[in-house]
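It should be emphasised that the depicted structure is a prediction, and the values quoted were computed from it without experimental measurement. Indexing begins at 1, ligand by ligand and atom by atom, following the structure's order.
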Amino acid sequence: MVVPYKHEPFTNYGSQENQDLYKAGLETVSSYLGEKYPLIIGGERIFTEDQIVSVNPSNHKEVIGSVSKASRELAEKAMQVADTTFNTWKKVKAEVRADILFRAAAIIRRRKEEFSALLTKEAGKPWNEADADTAEAIDFLEFYARQMLSLKDGIKVESRPGEYNRFNYIPLGVGVVISPWNFPFAIMAGTTVAAVVTGNTVLLKPASTTPVVAYKFIEVLEEAGLPAGVVNFVPGSGAEVGDYLVDHPRTRFISFTGSKDVGLRIYERASKVNPGQIWLKRVIAEMGGKDTIVVDKEADLELAAKSIVASAFGFSGQKCSACSRAVIHQDVYDQVLARSIELTNELTIGNPEERTINMGPVNDQAAFNKVMSYVAIGREEGRVVTGGEGDDSTGWFIKPTIVADVAEDARLMKEEIFGPVVAFCKANDFDHALEIANNTEYGLTGAVITNNRANIEKAREEFHVGNLYFNRGCTGAIVGYQPFGGFNMSGTDSKAGGPDYLVLHMQGKTTSEML
Ligand SMILES: NC(=O)c1ccc[n+]([C@@H]2O[C@H](COP(=O)([O-])OP(=O)(O)OC[C@H]3O[C@@H](n4cnc5c(N)ncnc54)[C@H](O)[C@@H]3O)[C@@H](O)[C@H]2O)c1
Ligand SMILES: N[C@@H](CCC=O)C(=O)O
C-alpha cells in the first residue's frame with residue numbers, strides 16, 4: 001500500500017545542522033568538479049572528443065564538468081536502441097515501473113544536499129531555490145508513480161448485456177525529452193520520468209549549460225533499477241541533434257520545455273510527416289511567459305510589494321513564472337513602488353554558495369547580454385529606479401532592476417526578458433489592470449493582490465493564464481497541488497504535476513468483447 005502523496009518539505013536553513021549538511025553537499029560536489037562525462041546509450045558509456053563544457057555562472061573559470069556531445073550518428077544509434085528497448089519496456093508492469101520512480105526518489109532524498117549544492121554550482125541557484133528544485137524533482141517522481149498506479153487498469157466504461165467493454169492506456173513509443181537550464185533538475189527529471197513510467201523509452205537531451213546534474217540523475221535511475229536503453233542520455237546542440245531527433249520518423253512524441261522560439265520550431269517540424277513515419281507526432285511544449293502581478297487599490301500593500309519582489313527576483317527572474325510586470329492601481333502605485341524599491345535594495349547579490357546571498361548570477365554570457373540590452377531599453381521606456389548595473393568579470397551578475405512608469409504597450413511589457421528586471425505600470429482601475437495583464441501573447445502565470453471579493457471573482461474569470469494566484473506571488477507551483485502550464489504562446493497547457501499529465505504520454509485503447 002502506497003502512502004498518500006505529500007509534497008517534499010523545504011529545508012529550514014536556519015538550523016545549523018541543515019547548514020552543515022549543505023556545506024557537506026558543496027564539498028561532495030567540489031570533489032568531482034571538472035570530471036568528464038560520457039553519453040549513455042543502451043547503458044554503454046560513450047566518450048566523444050567534442051565536449052560541452054559546463055561552467056559555474058558565478059565564476060566562469062570554474063568548470064563543473066565536460067560532457068560528451070552527441071553527433072547525428074550517435075543520436076541515430078540512441079534512437080535505434082530506444083526503439084528496440086520499447087518492445088520490452090512497454091511490457092513491464094506499471095507497478096514495477098512505478099517502483100523504480102519511488103526508489104529513485106528515495107535515493108535523491110538521501111543525497112538531497114549534494115544535488116542542491118550541484119544546482120548552486122552549475123545553475124547559480126541560492127540555497128532555497130536549489131532546495132526547491134531538488135524537492136520538486138522528488139515530487140515529480142513520487143507523484144507520477146502514484147498517478148501511474150491509478151491509471152494502470154484504465155478507466156471504467158459502460159457495458160451492455162452480453163458485451164464487455166474496456167478502456168485502457170498503452171504507451172506511445174520513443175519520446176524525445178528536451179529540457180531547459182532554469183529547472184535543470186526538476187523539469188529534466190519530471191519530463192523524463194513521466195515518459196518512462198507510462199511505458200515509453202526516452203532520448204534525453206538536457207540543456208547545454210546544465211548537463212552534469214542530468215547525468216547524475218541518470219546514474220540515480222540506473223541505481224534504482226531502470227533497465228539499460230529505457231533512458232538514453234544524448235546531450236548535444238539543439239540545432240544539430242535536436243532537429244535530427246525531432247524530425248526522426250521513429251520519434252513518437254516530443255516533450256519540450258524552453259523558449260517560445262524553439263518550441264514553435266519544434267511544433268512546426270514535428271507536424272511534418274517524414275518518409276517511413278506512420279503516426280502523427282505528439283508535442284508537449286511548455287514555453288515562455290510574461291507574467292503579471294496586479295495590485296488592486298483595496299489590498300495589503302506590504303504583501304503586494306513582497307510578492308512582486310520575491311516573484312521578480314527569485315532565481316534572478318529566470319523562471320517562466322517570474323513576475324516581469326507589476327500592474328498597479330493608480331491610487332496605490334507610488335506606495336507599492338516605493339516599498340518594492342526598499343525591499344529590492346535589501347537583497348544581497350553574489351555567489352550563492354554563501355547562505356546569506358538572496359540572488360545569484362544569470363545563466364551565461366548570452367543571458368547577461370540579453371538582460372542588459374533590456375535594461376537599456378528600460379532606460380528609454382521608463383525610469384530605472386533601482387539596479388540597472390551588471391558585472392560579468394567573474395560571474396554573470398546583474399543587480400535586481402525595477403523600471404517604473406512603463407507604458408502598457410512598451411516592449412518591456414510584452415517581451416520575455418528572463419532576468420532580474422521588472423516593469424511597473426500604472427492602471428486607471430481594476431478593469432484596466434486586467435486588460436493590461438491580458439495584453440500579451442503569453443498566458444502562463446499571474447497573481448492578483450486584492451481584498452475585494454468581487455474583483456477576485458472577476459479575475460478568476462477574465463485573467464487568462466494557466467496558473468492564477470490570489471494574494472501571493474506568481475511563482476512556486478507545487479507538484480500535485482498547483483498543476484503547472486500556460487495558455488496561448490506559453491505552450492500546450494500540459495499541466496506538469498497535474499492529474500492529466502501522464503495521459504499525454506499514452507494512447508487510449510478500447511476493447512469490446514462479445515460474451
Ligand atoms: N512553461 C514552462 O513550464 C517553462 C519552464 C521552464 C522554462 N521555460 C522557458 O524556457 C526558456 C528558458 O530555457 P532555455 O533558455 O533553456 O530555452 P531554449 O528554448 O533555449 O532551450 C530549451 C532546450 O531546447 C534545446 N534546443 C535548442 N534548439 C533546439 C532545436 N532546434 N531543436 C530541439 N531542441 C533545441 C536546448 O538545447 C535546450 O535543451 C524561457 O523562455 C522559459 O520561460 C518554460
Ligand atoms: N513551476 C515553476 C516555474 C517553472 C519555469 O520556469 C513555478 O511555478 O515557479
Side-chain angles (χ1 to χ4, degrees), residues 52 69-70 75 123 129 132-133 135-136 139-140 176-188 190-191 203-211 214 234-248 251 254-270 283-291 310-311 314-324 362-364 366-367 370 415-419 442-447 465-467 469 472-479 481-498 501:
I52 296 168
K69 201 170 170 185
E129 298 283 350
D133 196 336
E136 193 175 7
D139 286 347
F140 278 128
V176 176
V177 174
I178 301 171
S179 54
W181 52 264
N182 73 326
F183 278 79
F185 194 13
I187 293 181
M188 177 275 305
T191 48
L203 303 177
L204 170 63
K205 198 211 85 55
S208 296
T209 52
T210 53
V234 284
S237 132
E240 193 186 351
V241 172
D243 281 351
Y244 182 77
L245 292 176
V246 167
D247 294 346
H248 202 289
T251 294
I254 298 132
S255 177
F256 167 79
T257 313
S259 63
K260 183 192 92 177
D261 289 351
V262 175
L264 292 185
R265 180 186 176 91
I266 289 173
Y267 199 66
E268 190 180 340
R269 293 183 83 106
V283 178
I284 298 166
E286 288 307 305
M287 313 192 301
K290 190 69 196 171
D291 311 302
S311 304
F315 186 40
S316 311
Q318 300 176 112
K319 300 182 189 179
C320 54
S321 53
C323 169
S324 62
V362 296
N363 183 47
D364 59 7
K370 180 181 167 195
E415 297 168 18
E416 188 182 47
I417 301 170
F418 220 59
Y442 295 105
L444 190 48
T445 77
V465 290
N467 283 60
Y469 303 102
R472 51 159 284 184
C474 59
T475 61
I478 303 283
V479 171
Y481 295 61
Q482 290 118 3
F484 189 80
F487 301 156
N488 296 347
M489 283 300 167
S490 290
T492 51
D493 191 36
S494 58
K495 288 290 190 277
Y501 191 70

Worksheet item: With only distance considered, is Phe484 within less than 3.5 Å of ligand 2 through an N or O on each side?
Response: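 Phe484 vs ligand 2: no N/O contact under 3.5 Å.
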Worksheet item: Taking N or O atoms only and a 3.5 Å limit, does Ser321 qualify as a polar contact for ligand 2?
Response: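 The answer is yes, given that Ser321 and ligand 2 share an N or O pair closer than 3.5 Å.
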Distance filter under 4.0 Å to [X] heavy atoms, resulting ligand 1 atoms:
X	result
Ile266	33 (C)
Gly242	32 (N), 33 (C)
Arg265	31 (N)
Asp243	30 (C), 31 (N), 32 (N)
Thr257	2 (C), 3 (O), 4 (C), 5 (C), 6 (C), 22 (C), 44 (C)
Pro206	39 (O)
Ile187	5 (C), 6 (C)

Which of these, [options], has its nearest heavy atom closest to [atom]?
atom	options	answer
atom 9 (C) of ligand 1	Gly263, Ser321, Gly258	Gly258
atom 7 (C) of ligand 1	Leu444, Asn467, Asn182, Val176	Asn182
atom 42 (C) of ligand 1	Phe484, Phe256, Phe418	Phe418
atom 19 (O) of ligand 1	Ser259, Gly485, Cys320	Ser259
atom 5 (C) of ligand 2	Cys320, Ser311, Gly314	Cys320
atom 32 (N) of ligand 1	Gly238, Ala477, Pro211, Pro180	Gly238

Quick check: does [X] get an N/O under 3.5 Å from an N/O on ligand 1?
X	result
Lys205	yes
Lys260	no
Ser490	no

Worksheet item: Do any heavy atoms of Trp181 fall under 4.0 Å from ligand 1?
Response: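 Checking ligand 1 against Trp181, which is what was asked, there is a heavy-atom contact under 4.0 Å.
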Worksheet item: Out of curiosity, is Ser179 lining ligand 1, as in a heavy atom under 4.0 Å away?
Response: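 The answer is yes, since Ser179 has a heavy atom less than 4.0 Å from ligand 1.
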For [atom], grab the closest protein heavy atom and report residue, atom and distance to one decimal in Å.
atom	result
atom 43 (O) of ligand 1	Glu416 OE2, 2.7 Å
atom 8 (O) of ligand 2	Ala477 N, 2.8 Å
atom 1 (N) of ligand 1	Met287 O, 2.7 Å
atom 24 (O) of ligand 1	Ile178 CG2, 3.2 Å

Item to complete: Walk me through it: do Asp243 and Arg265 pass the test salt bridge (charged side-chain N to carboxylate O under 4.0 Å, His left out)?
Response: CA-CA 9 Å; Asp243 281 351; Arg265 180 186 176 91; 2.5 Å; yes
Item to complete: In sequence, state the C-alpha distance, the side-chain angles, and the governing distance for Ile178 and Val246, and then conclude on side-chain contact (heavy atoms from CB on, under 4.5 Å).
Response: CA-CA 10 Å; Ile178 301 171; Val246 167; 4.2 Å; yes
Applying a heavy-atom cut-off of 4.0 Å, say which part of [X] lies close to ligand 1: side chain, backbone, both or neither.
X	result
Gln318	neither
Ala496	neither
Val262	side chain

Between [X] and [Y], is there a donor-acceptor pair closer than 3.5 Å when you use the side chain of the first and the backbone of the second?
X	Y	result
Gln482	Asn467	no
Lys290	Glu416	no
Ser490	Met287	no

Practice prompt. Check each atom of ligand 2 against the heavy atoms of Phe183 and keep those under 4.0 Å away; list them by number with element.
Written response: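 Here the atoms of ligand 2 in question are 3 (C), 4 (C), 5 (C), 6 (O).
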Item to complete: Would you name the heavy atoms of Ser255 and Tyr501 that are closest together and state the gap between them?
Response: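 What the structure gives for the nearest pair is OG-OH, 4.0 Å.
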Worksheet item: Atom CZ of Phe484 and atom CZ of Phe183: how far apart are they, to the nearest 0.5 Å?
Response: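 It is 8.0 Å, given to the nearest 0.5 Å.
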Item to complete: Specify side chain, backbone, both or neither for Asn182, according to which of its non-hydrogen atoms lie closer than 4.0 Å to ligand 2.
Response: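 The part of Asn182 near ligand 2 is the side chain, not the backbone.
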Item to complete: Output yes when a protein non-hydrogen atom is found under 4.0 Å of atom 21 (O) of ligand 1, and no otherwise.
Response: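 Answer no: nothing from the protein, no heavy atom, is under 4.0 Å.
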